> 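Pasting in a structure now, in structure tokens, and then I'll have a few things to ask.
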Amino acid sequence: MDLIGPISDLFKCVCSPICEYFDYYRKLDENMEELDRVLRELESKKKDIEATLSRAEREQGKKPSNEVSDWLKNVQRINTKAESFKQEVEKGNCFSRACLGKDVEKKIEEVKEYIQKGCAFTSYVSDAPSTSGMTLSTTSNLVGERTGKIVEEIWEDLMGDKVSKIGVWGMGGIGKTTIMSHINNKLQEKPNKFNDVIWVTVSQPLDLFKLQTEIATALKQSLSENEDKVRRAGRLLGMLKAKEKFVLILDDMWEAFPLEEVGIPEPTEENGCKLVITTRSHRVCRSMKCKQVAVELLSKQEAFNLFIDGVGSSILQVPALNKEIINEVVEECGCLPLAIVTVAASMSGEEEIYEWQNALNELRGRLRSLNDVDTKVFGRLEFSYHRLKDEKLQQCFLYCALYPEDFAIPKDELIDYWIAEGFIEEVKDVQVKYDRGHTILNRLVNCCLLESVKDGGCVKMHDLIRDMALRITSKSPLFMVKAGLRLLEFPGEQEWEENLERVSLMRNNIEEIPSNMSPHCEILSTLLLQRNENLQRIPECFFVHMHGLKVVNLSSTDIEVLPSSVSDLTNLRSLSLGWCRRLKRVPSLARLLALQYLDLYDTRIEEVPEGMEMLENLSHLYLSSLQLKKFPAGILPRLRSLYKLKLSFGNEALRETVEEAARLSDRLDYFEGYFSTLKDFNIYVKSTDGRGSKNYCLALSAHGMGGCLVTHLEVDKSVFLYGCKICEIKETIVLLKDVQCLQMFEVDEVTSLNDVLPRELGLVNIGKFSHDLKVLRFDSCKNLKNLFSLRLLPALQNLKVLAVISCNSIEEIVAVEDEDTEKELATNTIINTVTLPRLKKLRFYDLPEFKSFCSYNGVLVCNSLQEIEVRRCPKLKRLSLSLPLLDHGQPSPPAALKVIKIEKELWESLDWDQANAKEVLNSYCKF
């Protein structure tokens, strides 16, 4: 009798899971029907919300709130997962049906939860549109008394009520954009007068559709490309009216247009809006009914002073040079600021009298044959081009004209083209080539033929200097440049002259190349067709007479197949096909032995191209495709020149291939690897002995490539985990020892950072964890309870960015693990201080259970903090921030602090440990 109870209990333990298993199996079809029903309900709610958002954007220019944006993103994720369930059911075997049954039940509950969330929204839009103004880089100082007066006049008109539209006009290169850049930056410093300052470069030819897009982009919003201009104008009007008082600066206008056709509200004294245009034509100012402000040439003395600033004041101390010859060179610049700056830069460092005399003769000889004012301007600018003297340096400069007007050209992309063209001397070390490329760029910037923009990552040509370059390339070397003109038709065969050397048709709307098109351009070396997103087909005969091609860029087009004639382009060094999301097949590459750069990133390639193993000169290989199941072994070791590698290993990756990639790590400058399984990820990490390439980004994802990867962070070594398992049977994730950025998205298993740390005998080994971690980001990890323990703090002293987003279970950031410390903190025996000395950005977003940064009234000390963002954390009571103290004991904000983004209601409810802390920080708040 005594055995009956235990046996009965054992029977229950065994039978219960079995019954549950059969229950899931039996109910799968029924549950799939229920899932379909709730998904339809969710989709209906989604459409209602999207319709309301569309109306709010159209009529008021309002954007969806962050909460609604996240909801829509998650609904999309749910739909994608549900679709995968349907596919699995169709395959179905007994075991998978039972497992699916359990997953489907969970998914039904999640769908119902999101339906309730959708019904609970009190508002779908942000209460106030965000400002979009930006401070512009100004490479030139304001010169001259008259220029100062112009700036004062424009400023007074902007601050006053009488003038609503201002037209700043004058010849090209006279300084209109420089003047307005300074005014734009001054307006950014005076935020209370206007709600927004919007800067858009118009350029030529005038394209109102493009202008609408540019203004919307400047507002950090978007317009549908599928709607006509009239509907877009209505939407843009709503966006701008929502700003109420704004300044719209339209730079480099060539033609007048009716404001209402674009969707720009007429600026009036009543609405307080202002419009400022810059143009070369006073007629444009008159047609736009603007108050005209003319920018005139510099006086002789102002011109001389500007020239001396550019060439260096030490030139006046050179005994061999007299002031007279310097004055004569300045006079030949015609008092035009752009000409003065470029000629001065070209003469900088020249101290021999014969150099100056020769330069003067060149300038005079160049200008003597030119009659009108415009061509004389080009003549002065061409002088600076010819002063480069080095033919390859001149070629590098002219190459920049292949990009659209006012385009920010990425430096590394430009250098890649220069290397492929042979402008940079051929050496084995790729880094040496990049160093030389950057040296050339610095030379061109220092000569004022290019300007550095976007924090130094890009360069740009002044439109007048680009016009000069195009003037040169209309003769020799001969270019065809029709970039960014929204062309629909491919240039006719008569335009493809035999002596064409470079062609740029990038960023247009070309849909097809005529099927019989086969231009005879044997010396053509560069063909740029990227970003023609509707281009579906390249004729088989197109490349037949282009054997001189070295650079071909077809990225971001809609092609499915590359013609086999590409296989005969034996001089080809750079082939770009990235983001061709329908591209399935590339012909044999076996004969392209000169190829150095191959980009097949985010394509639909199903097999590695034939002949890949022959490409021993390949330095850049970007190959990632959802359809590529495996990368064959034996190829990577033969690519001895690899410098940068981006590779997806596929669902059926070979262990040998993963190990081959790992063995390359010590000689790669950059490696980007996408892994589908935990096993492959760990094989790679262990095969590198825990340290990756000089720069790397490793992604482990069960949902393909990319996901929600944040790639713009300033770190060299990143690991990204997306919707994946971090622990399987006998397999726990292993991280590289020098990781600087760790991001997790939808990793359900993770409860804290400890879950991914190295362990010995079951305990976390902090010594083997990276002390270089700079960025830590958790997003949508539903079981995350806390981030790290006090014990881990020494390893986080280099942390710069900490972000926790949409993690429903997290209650605190710092946890106390051991009981002794917990007792001491509870009795106030010790103070719980968390010091992160290098932390700059702190972001807590959509955390329904989040209560405090650290328990037991702990405080956070981080005096380098620049940005704090806290949104939708309803249970947060303390920000736990310890402020530095002044000499008299009063708190002061961290010296680097710039902004606190927080909801006003939450801000008012927060408790502070330090008296007056809220008052001290109040001015930094952006509600």
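Because the structure is predicted, anything quoted here is derived from the model rather than measured.
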> Between Asp669 and Lys694, is there a salt bridge with N-O shorter than 4.0 Å?
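Counted as a salt bridge, because a side-chain N and a carboxylate O are separated by less than 4.0 Å.
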> Does Arg655 pair with Glu659 as a salt bridge, N-O distance under 4.0 Å?
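Yes.
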> State, with a plain yes or no, whether a side-chain heavy atom of Leu642 is found less than 4.5 Å away from one of Leu664.
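Touching, per the 4.5 Å side-chain cut-off.
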> So do Tyr670 and Tyr643 actually touch side chain to side chain, heavy atoms under 4.5 Å?
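No, too far: nothing below the 4.5 Å cut-off.
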> Kindly compute the distance separating OG (Ser718) from CG (Leu698), expressed to the nearest 0.5 Å.
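Reported value, rounded in 0.5 Å steps: 8.5 Å.
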> What's the spacing between Lys737 NZ and Thr688 OG1 if we round to 0.5 Å?
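The NZ atom of Lys737 sits 8.5 Å away from the OG1 atom of Thr688.
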> Is any side-chain heavy atom of Trp907 less than 4.5 Å from a side-chain heavy atom of Leu921?
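Yes, at least one pair of side-chain atoms sits under 4.5 Å.
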> Would you check if the side chain of Asp602 reaches a backbone N or O of Gly578 as a donor-acceptor pair within less than 3.5 Å?
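Pair absent, no side-chain N/O of Asp602 close to backbone of Gly578.
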> Would Arg878 and Asp911 count as a salt bridge (Lys or Arg N to Asp or Glu O under 4.0 Å) if you check the C-alpha gap in whole Å, the side-chain angles of each, and the deciding distance to 0.1 Å?
CA-CA 5 Å; Arg878 293 173 64 249; Asp911 296 327; over 6 Å; no
> In Å and rounded to the nearest 0.5 Å, what is the CG to CG distance from Leu796 to Leu776?
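Going from the CG atom of Leu796 to the CG atom of Leu776 covers 7.0 Å.
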> Are any of the side-chain heavy atoms of Val870 and Leu876 separated by less than 4.5 Å?
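Val870 reaches Leu876 side chain to side chain.
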> With a 4.0 Å cut-off on N to O distance, would you call Arg777 and Asp779 a salt bridge?
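So Arg777 pairs with Asp779 through a salt bridge.
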> Is it true that a side-chain atom of Gln740 and a backbone atom of Leu773 form a donor plus acceptor pair closer than 3.5 Å?
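Flag not set: sc Gln740 to bb Leu773 has no pair under 3.5 Å.
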> According to salt bridge (charged side-chain N to carboxylate O under 4.0 Å, His left out), who are the partners of Glu728, at least two apart in sequence or on a separate chain?
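Residues passing salt bridge (charged side-chain N to carboxylate O under 4.0 Å, His left out) with Glu728: none at all.
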> Do the side chains of Leu647 and Leu636 get nearer than 4.5 Å, heavy atoms only?
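Leu636 vs Leu647: side chains touch.
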> For Phe671 and Tyr696: C-alpha separation, side-chain torsions, deciding distance, then whether ring-ring contact (aromatic ring centres under 6.0 Å, His included) applies.
CA-CA 5 Å; Phe671 174 67; Tyr696 62 76; 8.4 Å; no
> Heavy atoms, side chains only, cut-off 4.5 Å: are Val111 and Leu35 in contact?
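Yes, close enough: below the 4.5 Å cut-off.
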> Would you please name every residue forming a side chain to side chain donor-acceptor pair (under 3.5 Å) with Arg667, sequence neighbours left out?
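By the side chain to side chain donor-acceptor pair (under 3.5 Å) rule, Arg667 matches no residue at all.
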> Listed by chain and number, what are the side chain to side chain donor-acceptor pair (under 3.5 Å) partners of Asn695, not counting sequence neighbours?
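With sequence neighbours excluded, Asn695 shows a side chain to side chain donor-acceptor pair (under 3.5 Å) to no residue whatsoever.
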> Are the side chains of Leu700 and Tyr674 in touch, meaning some heavy atoms are under 4.5 Å apart?
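No, side chains not in contact.
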> Taking C-beta and beyond as the side chain, do Cys862 and Leu881 meet within less than 4.5 Å on heavy atoms?
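Counting from C-beta outward, Cys862 and Leu881 do come under 4.5 Å.
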> Sequence neighbours left out, what pairs pass side chain to side chain donor-acceptor pair (under 3.5 Å) with at least one residue falling in residues 676-685?
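Passing the test, one end in residues 676-685: Asn651-Ser676, Thr677-Asp680, Asn682-Glu731.
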> Can Arg872 and Asp846 be counted as an ion pair, charged N to O under 4.0 angstrom?
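Answer for the salt bridge query: yes.
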> For Glu672 and Tyr601, test the side chains for any donor-to-acceptor distance below 3.5 angstrom and give the result as yes or no.
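Side-chain D/A pair, Glu672 to Tyr601: present.
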> So, using salt bridge (charged side-chain N to carboxylate O under 4.0 Å, His left out) as the criterion, who are the partners of Lys875 when residues are at least two apart?
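Only Glu849 meet the salt bridge (charged side-chain N to carboxylate O under 4.0 Å, His left out) criterion with Lys875.
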> Sub-3.5 Å donor-acceptor pair from the side chain of Ser648 to the main-chain atoms of Ser625, do we have one?
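Pair found, side chain donor or acceptor close to backbone of Ser625.
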> Can you list the residues that meet the salt bridge (charged side-chain N to carboxylate O under 4.0 Å, His left out) rule with Lys112, with sequence neighbours excluded?
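Lys112 satisfies salt bridge (charged side-chain N to carboxylate O under 4.0 Å, His left out) with Glu34 only.
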> Just wondering, more than 12 heavy atoms not from Lys841 lying within 6.0 Å of its NZ?
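Atom NZ in Lys841 is not packed in, count stays at 12 or less.
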